[in-house]
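Working notes, beginning with the structure itself.
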Number of protein chains: 2
Amino acid sequence: MSRFDQLTEQQKTEVERQLQIVSRGAADIIPVAALKEKMADSVAEGRPLRVKLGLDPSAPDIHIGHTVVLHKMRQFQDLGHEVQLIIGDFTGRIGDPTGKSETRKQLSEEDVARNAQTYREQLYKILDPEKTKFYFNSAWLGEMKFEEVLQLAGKLTVARMLERDDFAKRYAGNQPIHIHEFFYPLMQGYDSVSLQSDIELGGTDQTFNILMGRTLQGAYEMKDGQVAILMPLLEGLDGVQKMSKSLGNYIGIDEAPNEMFGKSMSIPDELMLKYYELTTPMSGEELQDLKQGLENGTVHPRDAKMKLAKTYIGMYHGEQAAIDAEHYFITVFQKRALPDEIEVIELNESELEDQMISVTKLLVTLGLQSSGSEAKRSVTQGAVKINEQKMDDANERITVQDGDIVQVGKRKFAKISLR
Amino acid sequence: MSRFDQLTEQQKTEVERQLQIVSRGAADIIPVAALKEKMADSVAEGRPLRVKLGLDPSAPDIHIGHTVVLHKMRQFQDLGHEVQLIIGDFTGRIGDPTGKSETRKQLSEEDVARNAQTYREQLYKILDPEKTKFYFNSAWLGEMKFEEVLQLAGKLTVARMLERDDFAKRYAGNQPIHIHEFFYPLMQGYDSVSLQSDIELGGTDQTFNILMGRTLQGAYEMKDGQVAILMPLLEGLDGVQKMSKSLGNYIGIDEAPNEMFGKSMSIPDELMLKYYELTTPMSGEELQDLKQGLENGTVHPRDAKMKLAKTYIGMYHGEQAAIDAEHYFITVFQKRALPDEIEVIELNESELEDQMISVTKLLVTLGLQSSGSEAKRSVTQGAVKINEQKMDDANERITVQDGDIVQVGKRKFAKISLR
């Protein structure tokens, strides 16, 4: 009989409630049955679960993409559980022994301490400090001697390690994999052994490493291995690639409010709900309401996006900053930036299909561009904006509404009047 | 210009002399040019070379097969160089972390100390204690921390390691290779870094591991990497497989003199010169003389083999023990074991081909067996001896001489008279 089955009805209800909350938005939970059992133990014994997250010691500059796992952790905290944040300072202090990697620079103790402080300041904007424990993994890894390292390495086979995506590709492609690289997943896994984590969170790109923790806990004879909760990777402002600083498609949580507002307004419409779900504390019910509102037209996408922008600024800079940034955006961009008198051009609804039209066709129909190819070129050059949002795909089909302002370059404007 | 080219003529002659001695009997020297340069430095600077040999901490029971490398080391010592013997106690103390290997049992500190003492007693029968240094590799490996282990592991790629024969076979055959196994060659190689060895000796089966030392010395920025001197593997008394205790085809150097004598007499004729060359201190000139004597018939193989037996006993038990064992062998085996009156059977030399004849044909020709198939069966059953040496291949072509005694079973004898 499972541990869940032994609970009272009230306890079962509580477990189901918690499971629903922590499962929302997750890409995968491995194994999902084990999570239920862990929750059952936690509820039965009144023991908080230990929810682990590993942090890269070299990159404390957090953007919205990073907050996906943090919001999930906050949900755990709100349910009474405990967060283990592990700064991989041991890895960071080693750098890359081959000296060949640009990305893994060796960090000094001062670097690590400063980065840890930055992390604290940033993460406590989302996490509850009362239920958050910080660890440096040098505390246990730095003390390990060769003999213990060999014990650790003996837990896994070469073939299993070479199953990891990037290793498999490099091995097949005759690109060098240095033997020490096998230790990065082993170390991350050993952190879970050392801290007896119940759950580890990460993006789907961390699947292998997180399951390694579960495997190693088993090899070190822990009763129950940790459960992996894998969150989706958030696409950046380009709507295509994973949000990352190096691609420039990110919103940093330390960015100035006005900058944050402007960037938030450029989130692609179709990703807005995903951003809401994964990067704000919005509850499941509120999210459902918003989704319905957008679908039935009672909520305008622009308004929803402005609310999202305000939510971000509220979280990271406070409520007043959010109000100020909205005001600034409206006056500077939506109002002042546009000519006082904009020609109103009527757009026959017969031109639309399900209220939608491609950017190219819109520009030509409004008479702002003389041909489709001219329209496409303008989009490519970044000269086309609709309601102050830059268009970057001439073929994109967009929804237009009465009063929308279409702009090409600095001087050509049109205000749409639907009839 | 090479360092050799900068020597005086006298120094060059000395280098060439040393090279000739240390090259004798070696299966391979990698790279041979580097050995010449090392020798040149040694002669120019009057600096002894450091010649390394790694010893398995779990198997101090040395047999003649092991002495091949030891005799080579003794040659180095006689030329003024220095021997580094490394007992792999660190590896031995770890055992097999997976607990799956029967062969790699964990040794206690007492085991290691006792085995080291046994090694000393046995090895000093061949090596010069004055020019021998003993090391335990736990002295440096036991102190290494995780960080240094990663530095070490970063020196090599996974693909390079998987080139090692046994790894390659197991990987291809989907048999598990545990990651810690990669460290055995790395540790052996690191021993050479730690001791700045100039040369490492080993059997040809150690090629990969010894070249690893050379690679790692380069990676740790030593000016000249060590040279590998690879000795042939000595076939055991069966004449086919590598001499090993588990196969029972060995002569242990601690075996009792009479046992040692008897076993030596069973060395296959065709391997006798190899045994002389690789496992005795016989000089190149003496070896040449013996070879000629055997070829032109002035030395009887049986006599040469008895001398070999006496050489072994002399080395490992002293001159008097050698004389006693020979006397015992002659009285007990060569005389008393044979019937007083043995029928003399004439063998026409026309039956021989270059003085040789197959065992089968000999038995039939002498009338000891009625047919070739009967003769073959007797050989297979181990019932056929010539001069007290058991024959194990009925098709083998052997040299016969006047007075040779051929025996089938316990009762059939014939003494050959050539005409």
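Computed over heavy atoms, backbone and side chain alike; hydrogens, waters and symmetry mates excluded. Order of the sequence lines sets the chain letters (A, B, ...), proteins ahead of strands, with each chain counted from 1.
- Using a 4.5 Å cut-off between heavy atoms, A:Met144 touches chain B through backbone and side chain atoms alike.
- Taking the six-membered ring for Trp and the full ring otherwise, B:Phe167 and B:Phe208 have centroids separated by 6.0 Å or more.
- A donor-acceptor pair under 3.5 Å links the side-chain atoms of B:Gln226 to the main chain of B:Ile210, judged by distance alone.
- Each of A:Asn174, A:Leu156, A:Leu141 has some count of heavy-atom pairs under 4.5 Å with chain B, and the biggest count is that of A:Leu156.
- Proximity to chain A is limited to the side chain of B:Val149, based on heavy atoms less than 4.5 angstrom apart.
- Taking the six-membered ring for Trp and the full ring otherwise, the centers of B:Phe146 and A:Phe183 sit less than 6.0 Å from each other.
- No salt bridge links B:Glu181 with B:Arg164; every basic N to acidic carboxylate O contact stays at or beyond 4.0 Å.
- When each of B:Ile177, B:Leu162, B:Leu186 is scored by its heavy-atom pairs under 4.5 Å with chain A, the top score falls to B:Ile177.
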